[in-house]
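Read the structure below first, then the notes.
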Protein chains: 2
Amino acid sequence: MATIRDVANEAGVSRATVTRALHEPDKVSPSRLAKVQAAIKKLGYRPNMLSQTFRSSSAKTIVVLAPNLANPFFAQIIAGIVDASDERGYKILVGSTNNSAKREAEFIRMVETRLADGIIQMAPYTEGETALLPRQHVPAVSVAGVPGTPYPGVRIDNIAAVKECIRHLADLGHTNIGAITGPADNSNTVVRLAGFKEGLVEAGLRYLPALVREGDFRLVSGFGAAADFMLASNPVKPTAIFCMNDEMALGAIRGLRTFNMRVPADISIIGFDNLDFSAFSSPALTTVEQPAYDMGYSSAALLVDLLEGKANNRNEDIVLPYRFVERESTAATNQDQ
Amino acid sequence: MATIRDVANEAGVSRATVTRALHEPDKVSPSRLAKVQAAIKKLGYRPNMLSQTFRSSSAKTIVVLAPNLANPFFAQIIAGIVDASDERGYKILVGSTNNSAKREAEFIRMVETRLADGIIQMAPYTEGETALLPRQHVPAVSVAGVPGTPYPGVRIDNIAAVKECIRHLADLGHTNIGAITGPADNSNTVVRLAGFKEGLVEAGLRYLPALVREGDFRLVSGFGAAADFMLASNPVKPTAIFCMNDEMALGAIRGLRTFNMRVPADISIIGFDNLDFSAFSSPALTTVEQPAYDMGYSSAALLVDLLEGKANNRNEDIVLPYRFVERESTAATNQDQ
DNA sequence: CTGAAAGCGCTTACAG
DNA sequence: CTGAAAGCGCTTACAG
C-alpha cells in the first residue's frame with residue numbers, strides 16, 4: 001500500500017502538503033494540488049485510517065450493547081442506530097453481552113481504550129451484576145430502557161402505555177386480567193409490572209399474583225405461560241392477558257389454541273412493541289407500538305451530540321410517543337363463561 | 001489517561017519492559033514484573049488500543065454487509081457471526097448498504113484502509129451495480145448466498161431445498177403450483193426460481209408465468225402478491241404457493257384470509273427460512289429451515305481462518321444441511337375445487 | 001533479562 | 001502557501 005510518503009515523493013512535495021491537499025485543499029497552491037492529486041491517482045493511494053484514527057485519537061465508533069441480537073424488536077432499533085450513525089460519520093460496533101457482566105466490561109473497556117467513543121445500551125438491566133456501565137465514566141445512552149438510569153435514554157412512557165392496555169381490557173368488561181412478564185430482573189419488566197398494577201387499581205380491579213406468569217420475552221415462553229394458565233389448578237383463569245412483548249403474545253395465542261381456546265372469543269391477548277409480524281398474524285395482534293427505528297435513530301443522534309458537545313449533558317430522557325393499536329386479539333368478555 | 005510512558009516512569013523501567021510485562025510476562029524478571037503491575041494498577045493504565053491496532057496494522061475487525069438489518073433471518077445470521085467473531089477476538093462493524101453501490105464501496109474502502117480486515121457479505125446480489133465486492137482485492141466471504149461468487153461462501157443447497165418443496169406439493173396432488181419470489185435481480189431469487197422450475201419438471205408439471213408474483217421478501221409483499229393472485233382475471237389459480245421466504249408466506253396467508261381462502265384447506269402455502277415465528281403462526285408454516293445462526297457462525301469462522309492463513313484459499317463453499325419442515329400450511333388439494 | 005533507538009502513517013504547530 | 005521537525009502510544013529488532 002502506498003503511504004503518504006510515497007505520494008509526497010511522487011508529487012515532489014512534503015508530506016504536510018499532501019495532508020493539506022487532502023483536508024484543506026484551498027490552502028494549497030493549484031499547481032501543487034494538481035501534482036498531489038495526480039500522484040494519489042497514479043499510486044492508488046488511500047489514507048491509512050488506522051493511522052488517522054490513532055492520530056486524532058477518535059475512532060468515530062459507537063458500541064451497541066445488545067442483550068439479544070436475534071430479537072426482531074432490537075433488530076429494528078439497530079437499523080435506526082446504524083442509519084443515524086452513518087449520517088454522522090460514525091461506525092457501529094456490535095456488542096452481544098448475553099447478559100454477562102464480563103462481556104459488558106470488555107465493551108466498556110473498548111471505550112476506555114479509545115477503540116470506541118461511546119456506548120448505546122439497549123434495554124439496560126436493573127441493578128444486577130450486569131449493571132456495570134453506570135459505574136464507569138463512559139459516554140453512554142440507553143435506548144428502550146426505563147427512567148432513572150445515570151445516563152440519558154430514548155424510550156417511551158411505559159407506564160402510560162401499559163395503563164392504556166389495561167383500561168382497554170377493563171372497558172371490554174374483563175375483570176380477571178392476567179399478565180405474562182419478561183424476566184423478573186429486567187428493568188422493563190419491573191416498570192411495566194408497575195404500570196400493570198396501577199392500571200388495575202384505576203380500573204377498580206385487584207392484582208392477583210396467580211394471574212401472572214414470568215416469561216423471557218421469547219415466543220416459546222409465551223406459549224409455555226399460556227399453557228401454564230390453562231393447566232393451573234387455580235380456578236380463577238384470566239379472560240384477558242397482557243403480554244410484555246409481541247413475541248410472547250404470539251406464542252401465547254398459539255399456546256391457547258392447543259387448549260382449544262379461541263382468541264379473542266374465549267380470551268383476549270394484548271402484546272407490546274408492534275412487530276411487523278403482529279399485523280399479519282391470525283388473529284392480528286392488539287398491541288402498543290414502540291417506534292423502534294426512531295428510538296434507535298434518536299439514541300445514536302443523541303450520543304453523537306453528546307460526544308461532540310452539541311447536547312447539554314443534563315441527563316434528560318427523550319420520551320417518544322407510543323401508539324395503542326387495536327386489532328383483532330381483544331374483544332368483550334365471552335358471556336358464556 | 002495514563003500512557004505506557006507513565007507506567008514506565010512510575011515503575012522505574014523502560015517502555016519496552018512494560019510492553020513485555022503486558023505481552024510476554026515470562027520474559028521479564030519477577031521483581032520488575034511486580035513493579036510494572038503495581039504501577040499499572042496504581043495508574044489505572046489501559047493500553048491505548050487505537051495505538052496497538054495502528055502498530056500491528058490489524059484492526060481485528062470484520063465488516064458485515066447487510067442489505068436489511070431489520071430482517072429477522074439476517075438478525076439470526078448476525079447473532080452467529082458476532083458469537084464466532086467474539087471467540088476469535090474479532091470485532092464486528094455493521095454495514096447497512098441498503099443495496100447502494102456507493103455505500104458498499106465505502107465499506108470496502110474500510111478494509112482497503114485497514115480499518116477492518118475482511119468482509120462478510122450477506123445474501124449478495126447478482127451482477128448488478130451492487131456487485132462491487134468481487135472486483136476488489138479484499139478478503140471476503142458470503143453467507144446465505146448462492147454458488148459462483150468469486151469468494152467462498154456459507155450457504156445451503158437452495159436448488160435441492162426448493163425442489164423438495166415442490167415435490168411435497170406435487171405429492172399432495174397439486175398441479176397448479178404458484179410462487180411468490182424475491183426481487184428479480186436478487187441472486188437467491190434467481191437460484192430458487194431455477195429450483196422451482198426444475199421441481200415442476202420433475203413432477204411432470206408445466207411452469208406457468210401467470211402463477212408467479214414478484215415480492216421483496218417482506219410481509220406486505222406476500223400479502224399483496226396473494227391478493228393479486230385472487231384478483232387476477234386469469235382463470236387458473238394456484239392451489240399451492242411456494243414463497244421464497246417465511247415473511248412473504250406469512251403475509252400471503254394473511255392476504256388469502258382477506259379473500260376467505262383458508263390455508264391449507266383451500267390453498268397450501270410453503271415458506272423458506274423457518275423463522276421462529278413460523279412455528280407459532282396459525283396455521284403453523286410448512287417451510288425449509290436454513291440454519292441461520294450456524295451459517296453466520298461458520299462464515300465468520302471461515303473468514304477468520306482465511307485472514308489468519310489457516311484455511312486454504314480454494315474458494316470452496318461450505319454447504320450446510322437444510323431441513324424440510326412440514327407443518328400445517330400444506331395439505332392435499334381440496335376436492336371441492 | 002533489559003534499554004536506547006527507530007519506526008508504524010499521519011497531522012500539527014512552528015517558522016519562514 | 002510550504003516544509004522540517006516533532007509527536008501521537010505503542011512495539012520491534014538490536015545490542016548488550
Side-chain angles (χ1 to χ4, degrees), chain A residues 1-40 43-61 89 91 109-117, chain B residues 1-40 43-61 89 91 109-117:
Chain A
M1 290 281 288
T3 70
I4 197 171
R5 167 170 268 126
D6 300 323
V7 176
N9 289 343
E10 175 73 27
V13 302
S14 71
R15 283 173 282 159
T17 298
V18 177
T19 288
R20 287 190 203 101
L22 250 25
H23 304 293
E24 312 162 298
D26 38 301
K27 291 194 177 175
V28 177
S29 69
S31 69
R32 287 178 200 251
L33 184 58
K35 277 192 224 161
V36 171
Q37 286 168 340
I40 287 176
L43 268 32
Y45 170 71
R46 297 247 173 271
N48 179 327
M49 297 189 74
L50 244 32
S51 179
Q52 286 186 323
T53 269
F54 164 56
R55 263 298 332 230
S56 58
S57 77
S58 162
K60 287 271 192 182
T61 300
K91 293 169 284 294
R109 180 166 309 178
M110 288 170 104
V111 179
E112 292 178 332
T113 58
R114 327 296 311 250
L115 218 47
D117 304 289
Chain B
M1 289 281 287
T3 71
I4 198 171
R5 168 171 266 126
D6 299 323
V7 175
N9 290 344
E10 175 72 26
V13 301
S14 71
R15 281 175 284 160
T17 298
V18 177
T19 288
R20 288 189 203 103
L22 248 25
H23 303 293
E24 312 162 297
D26 38 301
K27 289 193 178 175
V28 177
S29 68
S31 69
R32 284 178 203 249
L33 185 58
K35 275 192 226 161
V36 171
Q37 286 169 339
I40 287 175
L43 268 34
Y45 170 71
R46 299 248 173 269
N48 179 326
M49 298 190 72
L50 243 33
S51 178
Q52 285 185 323
T53 269
F54 164 55
R55 265 297 335 232
S56 58
S57 77
S58 162
K60 288 271 193 180
T61 299
K91 294 168 283 293
R109 180 168 308 179
M110 289 171 99
V111 179
E112 291 178 332
T113 57
R114 326 298 310 252
L115 219 47
D117 304 288

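Residue numbers begin at 1 in each chain, while the letters A, B, ... track the order of the sequences.
Between K91(B) and L115(A) there is a side-chain heavy-atom pair separated by less than 4.5 Å. The side-chain heavy atoms of M49(B) and R114(A), taken from C-beta on, include no pair separated by under 4.5 Å. Side-chain contact between V28(A) and V36(A) is absent, with no heavy-atom pair separated by less than 4.5 Å. In this structure the side chain of H23(A) reaches within 4.5 angstrom of the side chain of T19(A), judged on heavy atoms. Counting only heavy atoms from C-beta outward, the side chains of L22(A) and I40(A) approach each other to under 4.5 Å. Within the 4.5 Å cutoff, the side chain of T3(A) has no heavy atoms near those of the N48(A) side chain. A heavy-atom distance below 4.5 Å is found between the side chains of R20(B) and T17(B).
When each of N48(B) and R20(B) is assigned the nucleotide of DNA chain D with its nearest heavy atom, N48(B) is the one assigned upstream, toward the 5' end. With the nearest nucleotide of DNA chain C identified for both Q52(A) and S31(B), S31(B) has the one nearer the 5' end. Of the residues near DNA chain C, G12(B) and F54(B), the one whose nearest nucleotide (by heavy atom distance) lies more toward the 5' end is G12(B). Comparing S51(A) and S56(B) by the nucleotide of DNA chain D that holds the closest heavy atom to each, the one mapping nearer the 5' end is S51(A).
Boundaries of the chain B contact region on DNA chain C are dC1(C) to dG9(C), first to last in 5' to 3' order (nucleotide atom under 4.0 Å from a heavy atom).
D26(B) comes within 4.0 angstrom of the backbone, heavy atoms only, and of no base. T19(A) comes within contact range of at least one nucleobase, with a heavy-atom separation under 4.0 Å. In this structure, S29(B) reaches the sugar-phosphate backbone alone: every heavy-atom distance under 4.0 Å involves primed, P, OP1 or OP2 atoms, never a base.
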Note, DNA chain C 5' to 3' with Watson-Crick or G-U pairs under 3.5 Å encoded as ( ), [ ], | and . gives |||.||||||||.|||

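When all heavy atoms of D117(A) and V111(A) are compared, the pair lying nearest together is O-CG1, 3.8 Å.
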